[in-house]
Amino acid sequence: MQTIHDKFEGDVFVSEDTTLHGMIVGNVTVQNGVVFDLHGMLIGDLIAKMKSCIYIRGTLNGDIYNHEGSIDIYGIVNGAIIYDSGNITIDPKAVIKGKSK
């Protein structure tokens with residue numbers, strides 16, 4: 001698993017297991033079967049592809065689109081959760097400010 005402490009601007013496609021302690025300004029797409037562990041901040045939407053596994057421990061300023069992934073939310077989501085399938089687990093201490101669709 002790679003660990004990133006940098007800031008990125010622009011859309012990012014996560015194609016290998018990644019832990020982010022930095023910041024991304026842009027949309028993030030987590031590819032099929034990949035683990036993405038967000039400890040930092042994402043300013044943009046998060047798209048989970050099939051069998052991806054996402055942990056949100058930091059802050060997401062955008063919407064979540066779940067397409068058959070698994071998402072665990074422990075941090076803050078300042079957007080909506082939109083999914084057609086997949087699993088979403090929300091910790092009781094997590095903060096979700098948008099509406100689920």
Side-chain angles (χ1 to χ4, degrees):
M1 178 175 285
Q2 70 172 336
T3 301
I4 299 173
H5 295 276
D6 293 329
K7 178 180 178 182
F8 296 93
E9 293 191 19
D11 294 345
V12 174
F13 295 88
V14 181
S15 58
E16 65 179 282
D17 295 351
T18 303
T19 298
L20 175 72
H21 290 279
M23 175 188 250
I24 297 174
V25 180
N27 297 327
V28 171
T29 302
V30 182
Q31 301 297 328
N32 296 347
V34 174
V35 176
F36 180 61
D37 196 353
L38 173 66
H39 290 265
M41 179 177 278
L42 169 58
I43 300 173
D45 294 337
L46 177 64
I47 299 116
K49 296 293 188 175
M50 185 180 354
K51 296 185 181 176
S52 61
C53 187
I54 299 171
Y55 302 95
I56 300 172
R57 304 174 203 276
T59 302
L60 170 66
N61 289 323
D63 296 331
I64 296 172
Y65 295 88
N66 191 358
H67 304 292
E68 296 186 39
S70 176
I71 302 173
D72 292 349
I73 303 171
Y74 302 97
I76 299 169
V77 176
N78 292 315
I81 300 172
I82 303 151
Y83 61 98
D84 48 12
S85 60
N87 297 318
I88 295 181
T89 304
I90 301 172
D91 186 83
K93 295 179 182 175
V95 176
I96 311 295
K97 295 192 177 175
K99 294 184 178 182
S100 296
K101 300 176 185 178

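Sequence positions, counted from 1, serve as the residue numbers for this chain.
Ile76 and Ile56 fall into different hydrophobic clusters, where Ile, Leu, Val, Met, Phe, Trp and Tyr residues are linked whenever their side-chain heavy atoms come under 4.5 Å apart, directly or through other members.
For the ring-ring contact (aromatic ring centres under 6.0 Å, His included) condition, no pair includes a residue of residues 56-76, sequence neighbours left out. Listed by first and then second residue, the salt bridge (charged side-chain N to carboxylate O under 4.0 Å, His left out) pairs involving residues 20-43 are Asp37-Arg57 (not counting sequence neighbours). Judged as a ring-ring contact (aromatic ring centres under 6.0 Å, His included), the pairs with a partner in residues 22-62 (not counting sequence neighbours) are, in order, His21-His39.
Of the inter-residue distances, the one linking Ser15 atom OG with Asn32 atom CG reads 11.5 Å to the nearest 0.5 angstrom. From Cys53, atom SG reaches atom CD1 of Ile71 across 9.5 Å, with rounding to the nearest 0.5 Å. With rounding to the nearest 0.5 angstrom, the OG atom of Ser85 is 8.5 Å from the CE atom of Met50. Note: Ile96 CD1 to Asp91 CG = 10.0 Å, rounded to the nearest 0.5 Å.
No donor-acceptor distance shorter than 3.5 angstrom exists from the side chain of Asp17 to the backbone of Val34, with no hydrogens or angles considered. A donor-acceptor pair under 3.5 Å is absent between the side-chain atoms of Asn61 and the main chain of Asn78, judged by distance alone. No donor-acceptor pair closer than 3.5 Å links the side chain of Asp45 to the backbone N or O of Asn27.
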task = List the steps, then state whether side chain to side chain contact (heavy atoms under 4.5 Å, CB included) holds for Thr19 with Ile4.
result = CA-CA 6 Å; Thr19 298; Ile4 299 173; over 6 Å; no

request  = Go through the steps for Met1 and Val35 under the test side chain to side chain contact (heavy atoms under 4.5 Å, CB included), then give the verdict.
outcome  = CA-CA 8 Å; Met1 178 175 285; Val35 176; 3.7 Å; yes

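Ile81 has its side chain within reach of Ile90: a pair of non-hydrogen atoms, C-beta onward, lies under 4.5 Å apart.
Residue Val25 is found in a hydrophobic cluster whose other members, listed by chain and number, are Met23, Met41, Ile43; membership requires side-chain heavy atoms under 4.5 Å apart, directly or through intermediates.
Every residue two or more places apart in sequence or in another chain that forms a salt bridge (Lys or Arg N to Asp or Glu O under 4.0 Å) with Lys7 is listed here: Glu9. By the salt bridge (Lys or Arg N to Asp or Glu O under 4.0 Å) test, Glu68 pairs with no residue at all, sequence neighbours left out.
Between Ile54 and the choices Ile88, Ile73, Leu46, the side-chain contact (heavy atoms from CB on, under 4.5 Å) rule is met once, by Leu46. Exactly one residue among Val14, Val30, Thr29, Asn66 makes a side-chain contact (heavy atoms from CB on, under 4.5 Å) with Lys49. That residue is Thr29.
The nearest pair of heavy atoms linking Glu16 to Thr18 is O-OG1, 2.7 Å. Nearest heavy-atom pair across Asp63 and Leu60 is O-CD2, 4.3 Å.
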